[in-house]
Each structure stands twice: as structure tokens, then as C-alpha cells.
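Throughout, protein chains are lettered first and strands after them, A, B, ... in sequence-line order, and every chain is numbered starting at 1.
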Amino acid sequence: MRTSEAVSLASGRRVKIDEIAGLLRQAAPDEISVAVAFLSGELRQRQIGVGYAALGGLLRPPAPAAPGPAGTDPAAAGPDAAAGTLTLAGTDSVFAAIGATVGPGSQAERRRLLGILFGRATPAERSFLTRLLAGELHQGALEGVMIEAVARAAGVDAGEVRRAHLLGGSLPAVAEAALSAASAAREDEAASDDAAAVAALAALRAFRLEVGRPLRPMLAASAPDVVTAFERMSPAAVEWKIDGIRIQVHRQGPEVRVFTRTLDDITARLPEITRAVLASPAQDLVLDGEAIALGPGGRARPFQVTASRAGTQAAPGQEGPDVPLTPFFFDLLHLDGRDLIDEPATVRHALMSEVLPADLRVPRLVTGDVAEAEAFFADAVGRGHEGVVMKSLDAPYAAGRRGGEWIKVKPRHTLDLVVLAAEWGHGRRRGWLSNLHLGARDPAGGFVMLGKTFKGLTDEMLRWQTGRFLDIAEPPGQRPGGDLADARGVLGVRPEMVVEIAFDGVQASPRYPGGLALRFARVLRYRPDKQAAEADTIDAVRAIWDGRVSGG
DNA sequence: TAGGAGTGGCC
DNA sequence: CTTTTGC
DNA sequence: GCAAAAGGGCCACTCCTA
């Protein structure tokens, strides 16, 4: 707790690392994983069904704790029950109990448990718990800082911790392994820091790629077009960027597991992926790819269709899903006992070609020729995919990194839209009007809201637009003494400001009035030279939506 | 029993 | 998922 | 170059409530 406060107050990254390392060094072995999880903004349970809304009112008053059934109340039975201050282990066990609470009446029971926990907490602890459960720690330190802190506490290089983490150990588990090995060595050999570091290193090196345990997928940087990407690497492997969900598939003999980008196990939901991978002649595989719903002619269906299918729990007894997903693999990280992540991309790809048929591999072109690559890009987009990913030929598989070895290229649309309202920002944007409500002009009169964006705004633009919007706030009579927004922080403005918006595409919307919304909208610049009457119309948006079928 | 609110997880 | 900012 | 923090739309599932 004190560590979190100190970490929040410290502005420098180095100081934060030192603070956390100090805590980890003196933490009891069984508290390390909880401390690491909490201070990097996570719960060991990952989620327990408590979010922002469930926290209402808990922050201020020490909630009067209704007594639970004696002996069955984990909140009261924790080791910290009598103390005025919470312990890590006790708090973790309450979270576990909350997460295990399901079924009718569970919401009230969760709330009761939360109330007991908060009732025993100091004000500072209540603040920390609230931020932790809301997923907004705001202490300027999450996973990245924690990795370095663990390394510092164990006396090893941060790269060693990072590698263990990326190769599939959860960070709390990695930290526990390294630090308990270190502290055991310290006790055995009379406080020798060297011996502790050696022991920690051995524990970290024991984390290796393991078939059946997911690792952090490699990510891609981005470039505006193929030409720019070629400036950073040429020749390159150019692959379709499939508009589906990322899958990492592990096969060990007959056993197959399918994981998402965030390492969730979704095997049960995608039996067709398992079947496809079992068709390979290889026995042990770790594959990286994308799964997508395809329509007639192999055309990509809208992302929403894939998302719906991938998110649906398999109905028991029903085998053939009505919307099957097709896997497209683009990398091979392990083959029959041999780890490949440190091999060059060409070697990995060649091996993958040996064990997977072409229709399970992402379409790919190796070239240094701009025209060829652009034609390939246009074809991919024409088939309804997102664009291409260009990959350096000799790069190893950099788990969890977004370096320049993979570069994604997507088409970008642009429209001049009108700001209909703005919302007051939070965190470092407190005091500024931040999130913009965007509308297209309706030729019949008025504007059609298409979504919101807060992206692309620099601090200078935020400052400027806050002043500007307050000047055109609606209704005008309420300023400055009156309400500066409604209950949700929304300030309506006269539809006068035209802003140039970039976005990736148009999607069907069940909630916006035009039935359409923008995907990944961000601000490029304001258009002070334009009047609202000159803004783009909803017809222009519909044209993009209609055009998606024939591409572009 | 339908609809809404809340949460979690994709992009 | 995209973008800006600070280290 | 990396990490952190701004927050977007949509989908499925669960629990509560007219």
C-alpha cells in the first residue's frame, strides 16, 4: 500500500522501480505473486465480476459490515481480520471468494463481501482497491515497470525476466519463482547476493517455450503505405492482414489448444480449428495465425460476424457451427520438439510449409517490388481483408514485442465531420474537453451521429478546443456558473466546428441513428476554413459502407 | 419472460 | 484496436 | 523504442427487475 503511494508520487521510472523492488525484497514468499499482480494492476483471478459501477459508494464511508454466516465468511476469516490494515493474502482471498460467487443473489453477496473488505480498509487502501478493481491504477507503473522491479529485486538482468514472462509465465508466477529461489539461496549461503542472483537466474531460465502453454504473440508496427514500409525493409514477405481474431494453436499429439491474443483458452468454442490442425502430419506444433468467417468466394465477412461466432460458447451436443471460422496461419514457433522462435522468419516459414497445406497458410508474396506489393495489397483489401503485414525475412519471433520487423499497412478513409458534443476528460485529461461526438451532415437537415473519438488530439489541441467549445456550449445561458455538462460529463455544443477524421472503415451499428458507425476514428486536424454546411454527408458514409462489398 | 445494466473480451 | 507523451 | 494512459464500437454472457 505504501509502496503504491510512493510509486504514484514518484515521477521517475527509476524511482518507481526502486520502490517496488524494495517491497518485493522484503515480501514473504507466499505474498510475492499477489504483490506483483496488484501493483501491476491485475488480480490473480484476472476478473471477479466487479467493475466500475459496483464500486459506487464504497470509497467514502466505511461501509457497515453486515455479519455473514459464522465460519464461512472469508472476509472475516482472513489473516488480517483483526488488524486495522489489510494484508495482501487476505485481500486476495476475498477477491477469490467474490469471483467464486455466482448464481441468483450473487450480486448482493459480492457487494456484501466488498463492503466488509472496504470497511476494514484505511482511506488510502480504499482508494487503492477502487482503482485496482476499476482497472485504473494510475500510478504510472504497470507490467513494464514491474518486470524491471522484479529483476532489480532478484539481482538479474531485466531481459531475463522479460523473456520468462513472454514465454508464457504469468508475471506473478515468474516473480514468485525468481524471488523465492533468490531468498532461499540467501538463507542457505549466508546472505550472498551473488548466490541469490544465480539461483534466480536458474529459476528464470527454467521458463521455456512449452507446448500447451501460450506465449505473448508478436505484434506489428504500422506504416501509412507499402512504399514507406519498404523504406524500412526490402525485400519483405507481404501477407494478407486478415480481419479476424488472432489465434495461437498448440498441438501435442492428439491434444490441441486454441488461445487468443490475450492468452485466453477458446479451444471449446472453435472445434473446426482443432480439426484443421489435427490434419497436419506433424505431431507437436505451435502455430500463430488468424481465424475468420468467410463468405461466398472466400470473401471476408464483416468483423462483427467473426466476433459473434468466436464469442459464442459452443452449444452442448451441437457440433457443426453455422458460421465456421477458417484459420490462416502465418508462423510456426515449435515443431516436433524443436523450438523455432529464435530461427529466422524464412526458416520458420519453410518448415510451416512442410507441415501445413497451402489453404491453411496466409497468402503471401516475397518481393522488393513496390508495384507488386501494391497489387497484392489491393487484392487483399478487395477480398474484404484489412490490408497487409510486411515482414522482414530474417527476423526471429519477438514474442510480445511491437518492433519494426512486422509492419502493418491498412487503407485509411478521411471525412470532414461536425462536432456535436464533447465530454470532460479523466486522468491526465482532467479539466479538458476531450472525447468528441461526431456527426455527418444530413442533406435533409441536421446531423447524424456516427460515434466518438478522443484520439489524435495533442495537449495543445485539447487546450484550444476546450476554450472553443465552452464558447459555443449549448444551452449558452448555463455558463459559466451553471452546469458545464450533463450527468455523464457531456457538454452539447452548437454544431459549428468541422474536424477532419481518419478511420479504418464503416461498420453496422445497433445504437447510432444512421445504423452506421466509424471503426477506429481519430482526429487529424480541425478545419477552421470550413463551415458545418460544408461538412461531409451521411450519404458519403453510406457510399463507403456500400463500397465495402466491391472493395476499397 | 423480456429488457436493461454491468462486465469481460475481441478488434 | 490508435494515438500522444514521457522516460 | 518502450511503456503508460487517454478512451473508441461491438459482441456474448449473467444477473436483476419490470
Side-chain angles (χ1 to χ4, degrees), chain A residues 10-17 40-41 46-56 99 101-110 133-148 158 162 219-222 241-247 260-264 266 269 290-292 302-313 386 398 400-404 408 410 412 423 425-430 432 434-438 450-462 501-512 516-524:
Chain A
S11 61
R13 196 179 145 86
R14 306 306 314 179
V15 181
K16 292 176 195 284
I17 291 168
S40 40
R46 182 157 177 177
Q47 34 82 345
I48 59 171
V50 171
Y52 178 81
L55 296 165
T101 304
V102 291
S106 58
Q107 280 183 9
E109 174 64 7
R110 281 184 189 149
L133 291 168
E136 303 169 341
L137 224 43
H138 291 304
Q139 58 183 18
L142 292 171
E143 211 172 74
V145 166
M146 180 57 74
I147 284 171
E148 304 219 16
R162 190 169 294 117
L219 306 172
S222 55
K241 186 175 192 305
I242 307 275
D243 193 9
I245 63 163
R246 187 83 175 259
I247 51 169
T260 66
R261 194 179 117 118
T262 51
L263 315 189
D264 255 18
I266 55 168
R269 282 181 254 168
E290 192 92 1
I292 184 173
F303 174 73
Q304 284 151 296
V305 175
T306 294
S308 165
R309 167 63 175 81
T312 302
Q313 218 67 40
E386 276 197 284
R401 311 307 282 271
R402 194 189 292 278
K408 57 185 158 191
K410 301 195 273 187
R412 194 188 72 172
E423 297 177 13
H426 299 87
R428 73 179 300 280
R429 289 190 174 190
R430 179 174 300 280
W432 287 334
S434 171
N435 206 0
L436 307 179
H437 294 202
L438 304 169
L450 290 168
K452 314 178 194 177
T453 188
F454 57 92
K455 299 185 184 105
L457 298 161
T458 62
D459 287 2
E460 191 191 340
M461 291 166 84
L462 286 166
I501 299 295
F503 56 99
D504 279 14
V506 176
Q507 58 193 339
S509 169
R511 66 205 263 212
Y512 286 109
L516 298 175
L518 304 182
R519 195 172 181 196
F520 306 139
R522 60 263 191 193
V523 173
L524 290 183

Within the structure shown, what part of the strands sits under 4.0 Å from [X] by heavy-atom distance: base, sugar-phosphate, or nothing?
X	value
Ala141(A)	sugar-phosphate
Glu136(A)	nothing
Gly404(A)	nothing
Ala54(A)	sugar-phosphate
Lys408(A)	sugar-phosphate

Whether [X] contacts [N] is assessed here as follows: a side-chain N or O lying under 4.0 Å from the phosphate OP1 or OP2. Is that the case?
X	N	value
Arg522(A)	dT2(C)	no
Thr260(A)	dG9(B)	no
His426(A)	dA5(D)	no

Mark up nucleotides 9-18 of chain D, 5' to 3', with B wherever a protein heavy atom is under 4.0 angstrom from a base atom, S wherever such an atom reaches only the sugar-phosphate, and - elsewhere.
SSSSS-SS--
Distance-only polar pair, side chains of Ser434(A) and Arg429(A), donor-acceptor under 3.5 Å:
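Result is yes, a qualifying pair exists.
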Look for any protein N or O under 3.5 Å of an N or O in nucleotides 4-7 of chain C and output each such pair with its distance, or none.
unit_1	atom_1	unit_2	atom_2	d
dT5(C)	OP1	Asp459(A)	N	2.9

Looking at Phe303(A), is Arg519(A) sitting on its ring face, NZ or CZ under 6.0 Å from the six-membered ring centre and within 45 degrees of the normal?
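That pair qualifies as a cation-pi contact.
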Of Gly144(A) and Phe454(A), whose closest DNA chain D nucleotide lies nearer the 5' terminus?
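In this pair, the answer is Gly144(A).
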What's the closest nucleotide to the side chain of Arg401(A) if the choices are dA4(D), dC2(D), dT2(C)?
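In terms of side-chain proximity for Arg401(A), the closest of dA4(D), dC2(D), dT2(C) is dC2(D).
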Tell me which nucleotide among dC11(B), dC10(B), dG9(B) gets nearest to the side chain of Gln47(A).
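That would be dG9(B).
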